[in-house]
There are 2 protein chains.
Amino acid sequence: MRPTSSDAGRGRAGMSDVAQLAGVSIGTVSNVLNHPARVSGTTLERVQRAMTMLNYTPNVLARSLAAGNSPILGLVLTDLANSLFIDIARGAELGAEAASMALMMSNSDGRLDREASYIATFAQSRVAGVLLTLNDEQHYGELVGRTPPDTPIVVLNYAAPTTHFCSVSVDNEHGGYLATRHLLDIGRRRIAFVGGPEALRPVRDRERGFVRAMREAGVTPALELMPDGVNRADGYAAGVRLAELVSRAEVDAVFAATDLLAAGIAQAAESRGVTIPADLAIVGYDNNHAAWDSPIPISTVAQPGEEMGRRGVEMATAETRGGPHEHGATVLTPTLVVRRSTTG
Amino acid sequence: MRPTSSDAGRGRAGMSDVAQLAGVSIGTVSNVLNHPARVSGTTLERVQRAMTMLNYTPNVLARSLAAGNSPILGLVLTDLANSLFIDIARGAELGAEAASMALMMSNSDGRLDREASYIATFAQSRVAGVLLTLNDEQHYGELVGRTPPDTPIVVLNYAAPTTHFCSVSVDNEHGGYLATRHLLDIGRRRIAFVGGPEALRPVRDRERGFVRAMREAGVTPALELMPDGVNRADGYAAGVRLAELVSRAEVDAVFAATDLLAAGIAQAAESRGVTIPADLAIVGYDNNHAAWDSPIPISTVAQPGEEMGRRGVEMATAETRGGPHEHGATVLTPTLVVRRSTTG
DNA sequence: CTCCCCCGTTGAAGCGCTTTAAGACGAGCG
DNA sequence: CGCTCGTCTTAAAGCGCTTCAACGGGGGAG
């Protein structure tokens, strides 16, 4: 074994090196780092000088081990290609920065096994908490069982029953209501809804909002389409059908459950001579890049992804610190973004 | 202080608990984990049973501290919104999985200070290595100085001089050449190039490929545009100019240095009655979602982002393990993806 | 001038694990 | 029957840091 410090062997100065150079004890060096107030001005300065001289970098591993806590948060993202999750990541990053925590992101691609494996990895690293984005109840159910009991988990984008975890989600029903209300407000009455597979809970919720708004206005939905997917291609197919109905004056607006869907619809409709928004007003959902990058910018319902990430971090750190903890479900409110697809 | 294991205090079993339950020493438990061959069959089984009974989760922190190595790799991404970096992240994740390492991703948004701060954070966590995506030489230069000497760094997406780091990059010159060659091959001769700010090295390289291909073919470029940015809006502006030239039969094809640029050009051109690809053939660069999601799918040059990530991980782990290490610069080859914007 | 208290500082114990030198034990050999 | 050898197992020494009981020394109060 080497004499004192093994990191030193790798060219790295350790706390003991700093202590020696500054002529103080190792405990004092630690105090400089963690409780500067306890150290006298002179000593503090001397130690700090020694640190910079040696280019001292504290070892977080040792620190966490000794202190019994970790400065790292884990984040499991469902789908890196979806801009909502990118927003969540950004927000989480900001929140982590504010709480001076590091964020360890990873991407499950929606696969349950990877979700579980990342959670396990995080648990082994004794992270302070894990933020988990989720889409459907199947995954939620699976995860409830397998989860290590001592790691605080915050579920994002899914309104978890508060029994097991904290959660932060967005009110999809309200979003659907907003979108539909907007179409009604600009005078449309023959409104169609294009949704997606029944399994997707967010889509179902958006539809509920649609239905509520229509009922409130005493208007009957012109059509409800439920494609197998929620991507551009599915939208295109739906758009072809809609274009026909538009030409027969049976439809004058559509609320699509995702922006990709909306973009596909817009493309199909335009290629068939339908004018947007004159003949057909369109509202999408997600505030995806696809929406504002579309030839005709599409009105949409924006999810507060960043805030979701930020709040998630807050809840996780709160749970870590606080003694007795109530799991709480925060529900955020989406906002309507009006673009050319619904305004002259 | 608590008697033996403090993790136990938090409800977690430690190695000593396992040892006690299995009736062996703590060292034997460690051997079960790290050198199963040294342990007799009977003991091994008994210990393993004890582990599952106690739901034992090894503490990676303590493990790394004692063993002096880390199972974590850091990855600093320049821009989460750019699909190239998402691909890199995916590849790195796969590579890490294969090397049974954990990956800690983070997003610098192209800001130098955040890059530096993440590198510092990673260094404090004594990660095994850091993968750093980079765009321009300014950042590269800055970083060379500030970098902790003992953490292996692999630069991605930028051909670093091999003096300081390993790097994995893509041959942008060749990509530009491929794109231009393709336009020439389909019979176009009045070819324009739309680039971007001089500072962006990748864009400059793509232009060099363009120039080489044109020279080889003995064709004079119809026009070279250098907008201030490389986004859709910049493309739209360029497209307006191009449309006019097309109508005067001065341009029949364009190579845009990014897909967003290309998408903007396509949109502007179409809105001005230019038919794609008949009047104007377009090739973009990046294989961005924007490209295949465009109303007219745009031909593009695809960067092997996943492979870049994977190779980066390999180089990092190699550098970590291997004793004497040569920094090497790997250069990958991009490929042409032909879509409707260049075929009838 | 003494006593006490507080401020700064120290030394040692310990975080959960790996590693290694040394020990225990049975088998095989002369 | 004693000895060597090899196989398993153990005890103890760290890894770099935090924490805390204890300590020393000044200054204010008496």
Side-chain angles (χ1 to χ4, degrees), chain A residues 1-20 22-47 50-51 54 56-71 123-126 150, chain B residues 1-20 22-47 50-51 54 56-71 123-126 150:
Chain A
M1 287 282 99
R2 236 171 281 97
T4 323
S5 107
S6 98
D7 247 10
R10 298 175 48 202
R12 246 165 182 142
M15 214 168 213
S16 55
D17 303 294
V18 175
Q20 198 177 344
V24 298
S25 88
I26 186 179
T28 300
V29 178
S30 173
N31 278 335
V32 169
L33 254 34
N34 306 300
H35 311 279
R38 290 188 197 161
V39 181
S40 78
T42 345
T43 315
L44 198 145
E45 202 186 331
R46 198 146 37 93
V47 171
M51 284 182 172
L54 294 174
Y56 170 67
T57 308
N59 184 330
V60 172
L61 268 50
R63 209 200 259 248
S64 307
L65 182 58
N69 61 34
S70 158
Q124 290 182 12
S125 301
R126 300 291 192 273
D150 294 303
Chain B
M1 287 281 99
R2 238 172 279 95
T4 322
S5 108
S6 99
D7 247 11
R10 298 177 48 203
R12 246 165 182 140
M15 215 169 211
S16 56
D17 303 294
V18 175
Q20 197 176 344
V24 297
S25 88
I26 186 179
T28 300
V29 177
S30 173
N31 278 335
V32 169
L33 252 35
N34 305 299
H35 311 280
R38 289 188 196 160
V39 181
S40 78
T42 345
T43 314
L44 198 147
E45 201 186 332
R46 198 147 37 94
V47 171
M51 284 182 175
L54 294 173
Y56 170 66
T57 307
N59 184 331
V60 172
L61 267 51
R63 211 200 258 246
S64 306
L65 182 57
N69 61 34
S70 158
Q124 290 182 10
S125 301
R126 298 293 191 270
D150 294 304

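Only heavy atoms go into these numbers, but all of them, side chains included; no hydrogens, no water, no symmetry mates. Chain naming here is simple, since letters A, B, ... match the order of the sequence lines and numbering starts at 1 in each.
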What integer distance in Å separates [X]:[atom1] from [N]:[atom2]?
X: A:Arg12; N: D:dC17; atom1: CZ; atom2: C1'; result: 15 Å
X: A:Leu65; N: D:dC15; atom1: CG; atom2: P; result: 14 Å
X: B:Met15; N: C:dG14; atom1: CE; atom2: C1'; result: 17 Å
X: A:Asn69; N: D:dT19; atom1: CG; atom2: C1'; result: 12 Å
X: A:Arg126; N: C:dC15; atom1: CZ; atom2: P; result: 14 Å
X: A:Leu61; N: D:dG16; atom1: CG; atom2: P; result: 11 Å
X: B:Gln124; N: D:dG16; atom1: CD; atom2: P; result: 16 Å

Rounded to the nearest 0.5 Å, the CD1 atom of B:Ile26 sits from the CD atom of B:Gln20 at a distance of 11.0 Å

If you measure from CZ on A:Arg38 to CG on A:Leu44, what distance do you get to the nearest 0.5 Å? 13.0 Å

Distance below 4.0 Å between A:Asn34 side-chain N/O and D:dT18 OP1 or OP2: yes

Give a yes/no answer on whether the side chain of A:His35 brings an N or O atom under 4.0 Å of OP1 or OP2 in D:dT19. yes

Taking the minimum atom-to-atom distance to the side chain of B:Arg63, which one of D:dG16, C:dT18, C:dG16 wins? C:dT18

Taking C:dT18, D:dC15, D:dT18 as options, the one with an atom nearest any side-chain atom of B:Ala67 is C:dT18

Hits for side-chain contact (heavy atoms from CB on, under 4.5 Å) against B:Thr43, two or more places apart or cross-chain, chain-then-number order -> B:Val24, B:Thr28, B:Val39, B:Ser40, B:Arg46, B:Val47

Across all chains, not counting sequence neighbours, the side-chain contact (heavy atoms from CB on, under 4.5 Å) partners of B:Ala66 are none

Of all residues at least two apart in sequence or in a different chain, which pass the side-chain hydrogen bond (donor to acceptor under 3.5 Å, both in side chains) check with A:Ser30? A:Asn34

Using a cut-off of 6.0 Å, state whether more than 12 heavy atoms not belonging to A:Gln124 lie near its atom CD. yes

Residue of the set B:Val32, B:Asn59, B:Leu33 for which side-chain contact (heavy atoms from CB on, under 4.5 Å) holds with B:Met15: B:Leu33

Can you give me the N/O atom pairs linking the protein to nucleotides 4-11 of chain D at distances under 3.5 Å, or say none if there are none?
| from | atom 1 | to | atom 2 | distance (Å) |
| --- | --- | --- | --- | --- |
| D:dT9 | OP1 | B:Ser40 | OG | 3.2 |
| D:dT9 | OP1 | B:Thr43 | OG1 | 2.2 |
| D:dT9 | OP2 | B:Ser40 | N | 3.1 |
| D:dT10 | OP2 | B:Ser25 | N | 2.9 |
| D:dT10 | OP2 | B:Ser25 | OG | 3.4 |
| D:dT10 | OP2 | B:Thr28 | OG1 | 2.6 |

Please list, pair by pair, any protein nitrogen or oxygen found under 3.5 Å from a nitrogen or oxygen in nucleotides 22-27 of chain C.
none

Counting only N and O atoms by type, is there a donor-acceptor contact under 3.5 Å from the side chain of B:Ser64 to the main-chain atoms of B:Asn69? yes

Bend angle of the helix from C:dC1-D:dG30 to C:dG30-D:dC1 from five-pair axes at both ends, rounded to 10°? 60°

